[in-house]
Trainee: 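Questions regarding the structure given below will be posed in turn.
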Amino acid sequence: MLVLGIETSCDETAAAVVRDGREVLSNVIYSQIARHQAFGGVVPEIASRAHVEVLPRIIDEAMAGAGAAWGDLDAVAATRGPGLSTSLLVGFTAAKALALRLGKPLLGINHLEAHLYSVFLSSALQPPTSVFRPPSSVLILLASGGHTSLAVFHAPGQIGILGQTFDDAAGEALDKGAKLLGLGYPGGPAIETAARGGNPGAVPFPRGLRSRGDDPETRYAFSFSGLKTALLYHLKANPLDGNSARLADLAASYQEAVVDALVARVERACDEFQIRGLGCAGGVARNRRLREKLERIAAQRNLPLLLAEPDFCTDNAAMVAALAAADDNIARHDATGLDVDPTWPIPSSSTRPGP
Ligand code: KG4
Ligand code: ZN
């Protein structure tokens, strides 16, 4: 089964062709970062115009890279939400037009579910003998620039959400922290580089939300806005004044606080729920320190570890096409009558899985 995936929810224009839900034949990503850098963040109007400009070329490259002809496709899938509405519209409308022209089904994919699903593209999983079916009961941490969620994946559309962030996302905390430290955008990789050689214990930044006992609202939830404020006040009291050793210590301490807040919830969930694997996805999953700590947690508990490959951590269309192929009724599903949904939440079976 061959699926063309298209992703334009934010500032990456991406297309990919995936065979049988696991084999990524092409994965083309045009990152718009350079167009937004001067503004210190994504400008929606610039993003949607760039998608219009480059998407046709990106789709052609994905098809050529896969050696696929239009007639070989079994379905077209595109991100339908959540994301920037004018950006989503570009990719979803292009996918609609293609699907109608080819007479093939169109699948509207949830961006967050696709991020969660990207862990199954990990090379740690055996290649399938036929169309790939994902394992169930996998605890997945999704940490990106716009979202932070801890969820138990059972099957597509059946995801138990344990907790989300009350305010900033983990990547957003890194992006804002980097700005305060005078580092570039995106902040995650900039902080990771600046932290090299720094002492992660130099400044005891807060580790996010304190859970109120067994309160389900806070037990697995995240909060990062206090961390950025703590850095702001620390810098006011102790200006950096170009001291590079102190910059490394601060970057390492800040990164450590973000990573610790994430892994504390993961560790708790590993101990409290019957899970059969541990995964991590989203842009922040590229972070070396986070990956190391998750490796340790999985090894201590003998859990299979499914860390999204770096190419599939940040926004990409391979995860979109892969998730589409997991739909048992792909031939019957048709999203051509639907519109984009900029605030679409993760499709969940229930908000909380059973222990
Ligand atoms: O998943 P993504 O591409 O975008 C969203 O859908 O939000 O994630 C982008 C986020 C940014 O906040 C960026 O700073 C962060 O991922 N990021 C990292 C690293 N690479 C990207 N954070 C920590 N360490 C990294 N190496
Ligand atoms: Zn994303």
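When a ligand or atom number is given, it counts from 1 through the structure's own listing order. Fair warning: this is a prediction, and the values are worked out from it, not measured in the lab.
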Trainee: Below 4.0 Å, non-hydrogen atoms only: which portion of C313 touches ligand 1? Side chain, backbone, both or neither.
Mentor: backbone
Trainee: What is the nearest protein non-hydrogen atom to atom 24 (N) of ligand 1, stated with its residue, atom name and distance?
Mentor: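 Checked against all protein heavy atoms, atom 24 (N) of ligand 1 sits closest to N287 ND2, 3.2 Å.
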Trainee: Can you tell me if H111 has a non-hydrogen atom under 4.0 Å from ligand 1?
Mentor: yes
Trainee: Applying salt bridge (charged side-chain N to carboxylate O under 4.0 Å, His left out), name anything that partners E172, two or more places apart in sequence or on another chain.
Mentor: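 In terms of salt bridge (charged side-chain N to carboxylate O under 4.0 Å, His left out), with neighbours along the sequence ignored, E172 is linked to K176.
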Trainee: Name of the H111 N, O or S atom nearest the Zn ion (ligand 2)?
Mentor: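 Among the N, O or S atoms of H111, the one closest to the Zn ion (ligand 2) is NE2.
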Trainee: Is there a salt bridge (Lys or Arg N to Asp or Glu O under 4.0 Å) between R288 and E295 once you walk through the steps?
Mentor: CA-CA 10 Å; R288 216 32 269 162; E295 275 160 15; 3.4 Å; yes
Trainee: Short N/O distance, under 3.5 Å, between P186 and ligand 1?
Mentor: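 Not met; the criterion fails.
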Trainee: With a 4.0 Å cut-off, would you call R286 and E192 a salt bridge?
Mentor: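 No, R286 and E192 are not salt-bridged.
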Trainee: Can you tell which of A173, G145, G283, P310 gets a heavy atom nearest to atom 18 (C) of ligand 1?
Mentor: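 Result: the heavy atom closest to atom 18 (C) of ligand 1 is in G283.
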Trainee: Whether the S223 and D167 side chains hold a donor-acceptor pair (N or O, under 3.5 Å, no angle test) is what I'd like checked.
Mentor: yes
Trainee: Are more than 12 heavy atoms from other residues, nucleotides or ligands located less than 6.0 Å from atom CZ of R291?
Mentor: yes
Trainee: Which of the numbered atoms in ligand 1 are below 4.0 angstrom from a heavy atom of E192?
Mentor: 24 (N), 25 (C), 26 (N)
Trainee: By atom name, which N, O or S atom of D315 is the nearest to the Zn ion (ligand 2)?
Mentor: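 Sorting the N, O and S atoms of D315 by distance to the Zn ion (ligand 2) puts OD1 first.
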Trainee: For the Zn ion (ligand 2), find the closest N/O/S atom belonging to H115 and write down its atom name.
Mentor: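 It is NE2, the N, O or S atom of H115 closest to the Zn ion (ligand 2).
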Trainee: Identify the protein heavy atom lying closest to atom 22 (N) of ligand 1, giving its residue, its atom name and the separation to 0.1 Å.
Mentor: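 Here the closest protein heavy atom is G188 CA, 3.3 Å.
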Trainee: Answer yes or no for A143: is there a heavy-atom contact with ligand 1 below 4.0 Å?
Mentor: no
Trainee: Mind checking whether G187 has a heavy atom under 4.0 Å from ligand 1?
Mentor: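 Yes, G187 has a heavy atom closer than 4.0 Å to ligand 1.
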Trainee: State whether a side-chain donor-acceptor pair under 3.5 Å links H111 with E7.
Mentor: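 There is such a pair (donor and acceptor under 3.5 Å, judged by atom type) between the side chains of H111 and E7.
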Trainee: For a 4.5 angstrom cut-off between non-hydrogen side-chain atoms, does E272 reach R219?
Mentor: yes
Trainee: So is H147 touching ligand 1 or not, going by heavy atoms under 4.0 Å?
Mentor: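 Not so, H147 does not reach ligand 1.
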Trainee: Record the part of L174 in heavy-atom contact with ligand 1 below 4.0 Å; permitted values are side chain, backbone, both and neither.
Mentor: side chain
Trainee: Taking only heavy atoms of G171 into account, list the atoms of ligand 1 that are under 4.0 Å away from them.
Mentor: 12 (O)
Trainee: Have a look at ligand 1 and work out which part of H115, if any, has a heavy atom under 4.0 Å from it: side chain, backbone, both or neither.
Mentor: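 Contact part for H115 vs ligand 1: side chain (C-beta onward).
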Trainee: D315 to ligand 1: N or O pair under 3.5 Å?
Mentor: yes
Trainee: Do NZ/NE/NH1/NH2 and the carboxylate oxygens of E292 and R296 come within less than 4.0 Å?
Mentor: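 Looking at E292 and R296, the cut-off is not met.
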Trainee: Is K293 salt-bridged to E267, going by a charged N under 4.0 Å from an acidic O?
Mentor: no
Trainee: Say whether, by atom type as modelled, one donor and one acceptor occur between the side chain of K96 and the main chain of L338 under 3.5 angstrom.
Mentor: yes
Trainee: When you compare the side chain of N110 with that of P82, does any pair of heavy atoms fall below 4.5 Å?
Mentor: yes
Trainee: Does G282, backbone or side chain, put an N or O under 3.5 Å from an N or O of ligand 1?
Mentor: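 No - when backbone and side-chain N and O of G282 are compared with those of ligand 1, no distance drops under 3.5 Å.
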Trainee: Judged on heavy-atom distance to atom 12 (O) of ligand 1, which of N316, D175, V259 sits nearest?
Mentor: D175
Trainee: Find all atoms of ligand 1 within a distance of less than 4.0 Å from any non-hydrogen atom belonging to V284, and give their numbers and elements.
Mentor: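 In order of numbering, the contacting atoms are 16 (O), 18 (C), 22 (N).
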Trainee: Do Y30 and E53 pair up side chain to side chain, a donor and an acceptor below 3.5 Å, judged on atom types alone?
Mentor: no
